[in-house]
Structure formats: structure tokens, C-alpha cells
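Reminder, nothing fancy here: chain letters follow the sequence lines and each chain counts from 1.
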Amino acid sequence: MDKVTCQIFDVDYVMANGKPIVRVFGKQKDGKTICLMFNGFLPYFYLYSVKEENYERAKKALQSAFPYLKFEIVERYLPIGYGSKKKVLKIIGADPSKIPDIRAQAEAFGTAYEADVLFKYRFMADYHLRGMTWIEAEVKPFKTETVKCQSYEAVSFKNIDVQENAPLKYLSLDIECISDEDRVPDPKNDPIIIISLAFYPKYRDKDQIILIAKKAGLKNERVMECENEEDMLQKFIDIVNTYDPDIIVGYNINNFDAPYIIERMDVLGLPKDFGRSSKSVLMRKLQQTSMTTIVGRVIADPYEILKSDPVVRFKRYDLNTIAKALLNDTKIDIGGAREIKQLWESDIKKLIEYAGKDAVLALRLVTEKHLLDKYFELAKISGLLLQDTFGVQTQHHEFNILSEFVKDGFIMPCRPKVPHTGDAELKGAIVFEPEVGLHNEGCTLVLDFTSLYPSLIITFNICPTTLLLDNSVQDYYEAPNKAKFVKQEVREGIIPRILKRLIDARAKIKKAMKSAKDEETLRLLDAQQNALKIMANSMYGYMGYGRSRLFVMPIANAITAYGRENIQKTKKLVEDKYPVKVIYGDTDSVFVKTKITDLDAAEQLGEEIADFVSDNLPGVLNLKFEKIFRSFLILSKKRYAGWSFEKVDGKWKDKIVMKGIETVRRDWCDLVGKTMKEVLSTILKEADIQKAAKQFRNVAQGLAEGKVPLEDLTVVKGITKPLSAYDGVQPHVELAKKILERNPAFGNIVGARIGYVIIKGNALISKRAEDPEYVKKYNLEIDADYYIQNQLLPPIERIFEVCGISAAELLEGSKQKSLLDMF
DNA sequence: TAATGGTAGGGGAGGAAAGTGTACCCATAT
DNA sequence: TATTGATATGGGTACACATTCCTCCCCTAC
């Protein structure tokens, strides 16, 4: 029998003769796409009832409604609570889409398990297949018209260990529509006039094609002139099918371009045939967002990817800001809908340049900034298909845990219809009351626990499957909240096991990174370790999430309770043993103040403390010496700055670290951020508070003289919900209302980040928030007093106050007295 | 398909609530 | 229709103004 190897890219199913055929779309090493058809797997779920006689009743009732059903009594472990296997009824169906109906009737006789697992994932879990991993399949030749790539009939699958990714093809797109000036383009009426495409790798020696919906006679070889919109969309479909991309990219494609194109195709009656299967494109509109699925291809939206990254944050996420920041390139600037219409009629060349650039920038973000690396690895680790990795963390854990459950004979609860709430609240972590002020007489050591919550889960075997609900076992851990978990010797929990694997794998990769030579390998490894970290660290969040399948309040509370106990113990251990003081700590960290001024000596003590504490705590709990603050300024809980020293390759490297304060917050204007950075650096590095005060006065002076550019005064805040849902009055919300009034074509405002400046006047601040562009256009006057009193002064004052300088002293000096008089 | 891991915590803005100061009237004591 | 010395004191009320507290919201730390 023939064998083929491929990387799993997409999975779905089609119905044939009343039974499903699973289709596995795979990528081969040379980039070729194949489809493996698998016959004979049927959808099923479990029903559990304490009363076994219910199974017979259920069978009878279900059989009459669904005569084709098959039943088996099997033994499985229930997921929550330590116990032995129970008899459960396995109900085997035929058409996956009918399972919800069957479940609904079955639930009259017991509790359904795994009845809401998508069929493709049901199949993948049972056959141990994971997204983006490599398999070897035994195959027979197979002919079908239903897919557009080479297909085989698969007989069996085997996992193989390959780290690399198959080469993928990327198509980036951006559309332009034409609409009346004052509203959002509506796919029901407003045509698409341009579809701009960019390719990686090249398509027929071109890296770009711009389709336009009229004959303009441009003689530009990048431009494909079409008869009309319908012709253009048809050509677009042809190009997609010929180029056959794996990934379709676009900036905000998920919420604009993709649904728009599909709705236009519906309006014009064109077949939406650009997936890897015949009837293959599906678009769902949800309340705020829409979602497009294209069989065999993956839609990647750099806008959504960047926006959801908690590590790299931007003040705004418009393509121009992002391109400038990440690619050092800019978008071509034209105005709004009005200009598009004008250019379409008068200056189509400029419009083409504009549209062309957007598609290229979106593509470059993905290919040059490697935005997808993380998701490739997340897919491999969680087992999800690539297209589902962009979504929420819950899904990653659900499939990952399901896979493990299947192996060990556990069954997974259905997703709760309403969020679980326990009797008690989920109590979080401890934040130590900080010793506010500037600490620069001796070094402050920072130590923290590596992956605290995962470590606790592993150490105390915390898992729904080990939760002890009776007195059947004597060997257990009792958490501070009284929850009990059987020890590892009795049964190792599934979740601790998963976490252990994630942590071990990460340690291995981090080691490999140290000896990695080329950049490509290093990047791959870094993406791997990052994905592992994300998975491990978010497990606790999943367990404390009310809609999680495995939510049990005492378990979530046990984790945090252990965490609180642990950090208290740590503080005590350190202070009892060493002549030091813990001056701050948050969740998993301690900030240890010493009298040592020498870096190397401080490091030595740090390592010693770390070892001592780790040795005196149970299990895999590991306190790590992180860095030294030569000077450390703490303002309040979660707000501090320090001059940090870390050893890199045997050499001390210093930098200013800032947490929580205005410099790292996106809802303060840049002027504040810049000034604070300058002042903090002076205080921390030079301990010259008078100089710092002078620096502040200079800035205030500049502000009073109107020398500060508008960009530095712009405050940016996000709109998090529909404007009508706001109860209070807030600057950015009030401005958003104004913007929508002025430009009804603005589009969806939820999720937008609004930049504003405060102009002079007597009204509420909120009513004086104005769009910087508008201020420029109408030459409005900035309220310098607001910027001094409400932006600059409060944060600066807070810093100086803990250093022992009052506001009055800060503003001292003849110039400054008059400065305040000026307003 | 339906929803979009967790809690702790700071701080701005607005507005309600509670406090302060003042003017005025009135009653009472001297 | 009629009260009706002057002054000090205190209570009550209305109102303006300043402060405090609370809520909503955003964003961050971990």
C-alpha cells in the first residue's frame, strides 16, 4: 500500500449515502496540497445516569425517534471527582449535524457527555491527530470531484516527528468599494471597484495584481482591467483557484473584506467557489463580528493578531500606525469614502497605488514579521487546526484536554449552557503592601516563581480527576481552602500531566535556543517556547472560567489559595533567614531589599535565597533569582520603576524597568510618557531630584509656550462597547459620538481606539475632547491648563512626593510661579 | 456554533452625597 | 389689622460652594 506524509492543515467532512466522510487536507514537504478521505468514522456521544435502568429506557425512546442509532454500554471515568469507572451509554449516530437533536432527547434520561464536540475534532481526538503536525498515512488511490487537489483514500494514520513547517502560499487582499459619502458601504447596494492582491511567493512572476472593475486603458501590467464588477469577481475567483493559496491575508479582512466579497457574490449570483472543495465558502454574521470559513484555506487577519497580543502593545492599530512601527513604511494617504469616489472618476492611478499598497503592507506584516509563527506552534501543542488557533484560549485547552481524556478513558462534560458560579467567589492572588518610596541605598533583589500556578497544580496534583469528594483515600493533599486532591501515587491528574509535559518541553527548547546557530531555527524555537508558555500559563484561567467544561469552584480556589500561602511562606522564609526585608511582592514575586551595593555580591545572595527557598518548598515549586534593582522606586501596588541589572552572557546589562505607571499606559498622552521617562531616569540613575524637578519645569514651560506638538498631547482610549451602552460621560466616548455625527461612514466604532486632545473652554472635560485633525483644521486652542493640571502634574507629583518633594517645591522658582499665573 | 481564560489594583472623570459657610429670619434672653 | 427699645445668642432654612465618596471605565500586573 502507498504511503504519503503531510502536515495537517484542515479537516472537515462531507456526507455520502447518509454517512460522513472525513477529509484531511494536508501540506506536503514540497508545498503540494493533498486530501485524505477517511470512511467509516461515526459521530457519537455518551450518556450517564446513576440509575442504570435509564439506559434501557433511553435506548427505546431514542431508537423510535432515530432508528439508525447504535448503542453500547462502555466503562469510562467521570471527569469530576476521584472514583472508579462507571457504566455509560455510548450513543452512535450517523449524521453529525443531527447529534444536537439526539442529545436533546437523550438528556431526559441522564447527563450527556461530549455531545457538543465538533465532528472534525471528535475524529482528530480519536485518531490522535493534531493540527499542523505531520502524519504518515497508508493510502489507496481515490477519485473525487469534490476537492480541487490530489486526493487519496486513507486507511490508517501514524504521527511522525517533524518540526519544520511545509512551505505555504500567502495571498493578501484588500478591496475598495464605492458608496455615498455619508454612510458605511453596504454590500447590498455598493459595488466593489478594486480588488488588490499581493502574493508570497510570486504568482506568475508577479508579486501583485490589482483588479479594477472598469476598462480604464492604463496599460499597467500590474493592473487587470475588467468589464465590470461581476467580471472582476469572477477573475478574482479564477486567480485564487489558480494560485491556490493556503493563507488568505488582509488587514481587518475578517470584519470587512471577506464578508463584503461574499455578500457581493451573493447579490450578483456568483458561485462562491474559491476554497479547496466545491461548495466551500461559509460566512456567518454574528452580532459585532463575522466569520468566514474557506475549506482548505486559512484566513489570517494581522489586525486581529496584533490587537490581541498582550505583550507588544500599540496605541492605535490603524494600518498606517502599524506599518510605520513595524515595517518602517507608510500607507498612501487619501481621505475617506468621498475621495475614493472622486479618484475613481478622475485619478484612478492614485487610487490604484493606494489600494495596492494596503494589500502589500498586510502581506509584509505576516511574512516579514512572522506573525503566524506563534499560531503554527499553538496548533501543534493544543492540537487545534490552524484556523481555530486565532480564537480564544478556551478552545486550545478543550481540545488538548479532550485528547488526553480519550487516551485515559475519561469522558468530557458538555460546555455549560450558562456560566457556572460557585457558592463562593474565586479569590485571587496576594499583592503585598509596598514600602512606598525610593530605595537606592542598597540593591533590591527581584525573585519570582517560574510558572507559579502550573507548578502548584503539578505539585499538589490539582485536577478535576483527582478531586477527592469522599473519604475513600487517605493519601491526599489538603489545600488551604479545604479542597482535597489524591496524591500522585493514587492517580496522576490529567491536567498536572499536561502541564508537566508543557513545562518540560519548554525547558528543553530554551536549552536548545542557547546553542541555536541560525536565525531561522532560533525564531522557530522561540515561537515554540512562547506557545508552550502561553498554554501553560492560561490553564489556570481556563479552570477558573465559568464556561469551562471542567469548572469547579473549589479547584480554582485551591490553586489561588495555595498561591497565597506559598508567597507568604516565601516572604517568611527569606526574612527569617537573611538580614533583608521584603518590600513588595505580587502573586509570585518578592522584592528583597538588601544593604549590598556590589552587583556581584547581590547576585550571589539572590541565587542563594532562590536556592534556599526552592529547597524548602514542596514539589516543583522553584523560586528564581530574576534581576537586581540598583535603585527602585515604588509608588503603589502594581506601579513601580527601577534601574535593573541583569547578567547576559556574563556581563551586566542595565535598563530602566517601568511597570503600571503612566509611561507604559496607553491612555496618557506621549508628553507625559516622555517627561516621566526622563525624570525617572534622572532619579533612578543619578539620584538627582533637583535636576529631575528642573527637567519637569522645562517641559511645563514648553507646554505653556505652546511648543508641544499636538501628537504629544493626544490621549488615546479604546471604545469597548456600543456608545449607547455607556452609563457615564467620558472624553473618548463623547468624541466618538461627535466623530460618528460628522462622518456617518466611519464604520464600526466598537473596538476602535479614539485619540483626543482637550481644547479650551468651560464645559466638562468630556465635552471638550476633540479630534486632533479637527483641531488642526479649525485651528482650535489647546487647554494648556488641563495638560498641566490633569496630565503632567498628577503623575509627576506622585513620583516627587514619594521622594520627599512637595508640589509647591516642584513648581518653585520665579518662572514657575508666573507659569501658573499665566493660565 | 457561540462566545471570546482569571483576580487585584490604580487612577481619571463625573456625579451624587454629605459637609461648610453664609445670609437671613425668627425667637428668646438680657 | 397691628407690632415696634437695643443687643446678643441660637435655631432653622435656603443656597452656594467645596470636599468626599462612589461608580463607571480603562488599562495594567501577575
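- Between A:Y640 and A:F632, a ring centre-to-centre spacing shorter than 6.0 Å is recorded.
- Using a 4.0 Å heavy-atom distance criterion, A:Y542 is classed as a base contact.
- In summary, A:K624 and A:D588 do not engage in a salt bridge, as defined by a charged side-chain N under 4.0 Å from a carboxylate O.
- Heavy atoms of A:P794 sit under 4.0 angstrom from primed sugar atoms or phosphate atoms, though from no base atom.
- If you take atom P in C:dG5 and the same atom in B:dC24, they sit 24 Å apart, rounded to whole Å.
- For the pair A:K717 and A:Y756, the cation-pi test (distance below 6.0 Å, angle within 45°) is failed.
- For A:V392, the side-chain atoms get nearest to B:dG5 when compared with the rest of B:dG14, B:dG12, B:dG5.
- Rounded to a whole Å, the CZ atom of A:R639 is 11 Å from the C1' atom of B:dG12.
- In this structure, A:Y640 reaches the sugar-phosphate backbone alone: every heavy-atom distance under 4.0 Å involves primed, P, OP1 or OP2 atoms, never a base.
- A salt bridge links A:R665 to A:D667: one of the charged nitrogens lies within less than 4.0 Å of a carboxylate oxygen.
- For C:dG11, the glycosidic angle deviates from 0 by more than 90°, giving an anti base.
- Taking a cutoff of 4.0 Å between a charged side-chain nitrogen and a carboxylate oxygen, A:K427 and A:E425 do not qualify as a salt bridge.
- With rounding to whole Å, A:M291 atom CE is found 11 Å from B:dT4 atom C1'.
- Looking at heavy-atom distances under 4.0 Å, A:K721 makes contact with sugar-phosphate atoms alone, never a base.
- At a non-hydrogen distance threshold of 4.0 Å, A:L426, A:K427, A:G428, A:A429, A:V431 from residues 426-436 of chain A come into contact with DNA chain B.
- As judged by a 4.0 angstrom heavy-atom cut-off over every strand, A:N790 is placed among residues touching the sugar-phosphate backbone only.
- For the pair A:R798 CZ and B:dG9 C1', the computed distance is 13 Å after rounding to whole Å.
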A:K120 and A:D388: CA distance, side-chain angles, deciding distance, salt bridge (charged side-chain N to carboxylate O under 4.0 Å, His left out) verdict: CA-CA 12 Å; A:K120 60 183 180 182; A:D388 296 325; 3.5 Å; yes
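- Nucleotides C:dC17 and B:dA16, compared at atom C1', are 15 Å apart to the nearest Å.
- Atoms OG1 and NZ, on A:T587 and A:K638 in that order, are 5.0 Å from each other to the nearest 0.5 Å.
- Defined by atom type and a distance below 3.5 Å, a donor-acceptor pair is missing between the side-chain atoms of A:D586 and A:S589.
- Between chain A and DNA chain C, the heavy-atom contact criterion of under 4.0 Å yields a 5' to 3' nucleotide range of C:dC24 to C:dC30.
- A salt bridge does not link A:K738 to A:D771: none of the charged nitrogens lies less than 4.0 Å from a carboxylate oxygen.
- Distance OH (A:Y540) to P (B:dG6): 9 Å, rounded to an integer number of Å.
- Residues A:R753 and A:Y317 approach most closely at CD-CD1, 3.8 Å, considering heavy atoms.
- No engagement by A:H397 is indicated, since no non-hydrogen atom pair under 4.0 Å with the nucleic acid exists.
- Rounded to whole Å, atom P of B:dA2 lies 15 Å from atom CG of A:D388.
- Between B:dG9 and A:K637, a contact under 4.0 Å exists linking OP1 or OP2 to a side-chain N or O.
- For B:dT4, the OP1/OP2 oxygens have no side-chain nitrogen or oxygen of A:T394 closer than 4.0 Å.
- Using a 4.0 Å heavy-atom distance criterion, A:S636 is classed as a sugar-phosphate-only contact.
- A:Y453 comes within 4.0 angstrom of no nucleic acid atom, judged by non-hydrogen atoms across all strands.
- With respect to the salt-bridge test (charged N to carboxylate O, under 4.0 angstrom), the residues A:R501 and A:E404 qualify.
- No more than 12 heavy atoms of other residues, nucleotides or ligands sit less than 6.0 Å from atom NZ of A:K510.
- Note: CZ (A:R564) to P (B:dA8) measures 8 Å, nearest angstrom.
- Using a 4.0 Å heavy-atom distance criterion, A:Y786 is classed as a sugar-phosphate-only contact.
- When rounded to the nearest whole Å, the span between CD1 of A:I462 and C1' of B:dG6 equals 15 Å.
- With salt bridges taken as basic N to acidic carboxylate O contacts below 4.0 Å, one links A:E377 and A:K380.
- Look at A:K593 and A:E435 and you find no salt bridge, because none of the NZ, NE, NH1 or NH2 atoms lies under 4.0 Å from a carboxylate O.
- Taking side-chain N and O atoms only, A:R547 has no distance below 4.0 Å to OP1 or OP2 of B:dG5.
- In this structure, the separation between CE on A:M658 and CE on A:M676 is 8.5 Å, given to the nearest 0.5 Å.
- Under a 4.0 Å N-O distance rule, the pair A:E734/A:K737 qualifies as a salt bridge.
- The shortest distance between the side-chain N/O atoms of A:T560 and the OP1/OP2 oxygens of B:dT7 is not below 4.0 Å.
- Here B:dG15 is the nucleotide among B:dG15, B:dA13, B:dA3 with the atom lying nearest to any side-chain atom of A:L764.
- Across residues 660-672 of chain A, A:R665, A:W668 each have a non-hydrogen atom less than 4.0 Å from an atom of DNA chain B (numbered order).
- Paired regions of DNA chain B, where each region holds three or more successive Watson-Crick or G-U pairs whose two hydrogen-bonding distances fall under 3.5 Å, are B:6-17 with C:19-30, B:19-30 with C:6-17.
- Shown here for A:I759 and A:E770, the closest heavy-atom pair between the two residues is CG2-CB, 4.1 Å.
- Separating the CG atom of A:D727 from the C1' atom of B:dG12 is a distance of 17 Å, rounded to the nearest angstrom.
- Remark: nothing in residues 292-302 of chain A comes within less than 4.0 Å of DNA chain C through any heavy atom.
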In residues 718-730 of chain A, what donor-acceptor pairs under 3.5 Å come from side-chain atoms, sequence neighbours left out?
unit_1: A:T720; atom_1: OG1; unit_2: A:Y726; atom_2: OH; d: 3.3
unit_1: A:Y726; atom_1: OH; unit_2: A:T720; atom_2: N; d: 3.0

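- Salt-bridge check for A:R549 with A:E114: failed, with every basic side-chain N at 4.0 Å or more from each acidic carboxylate O.
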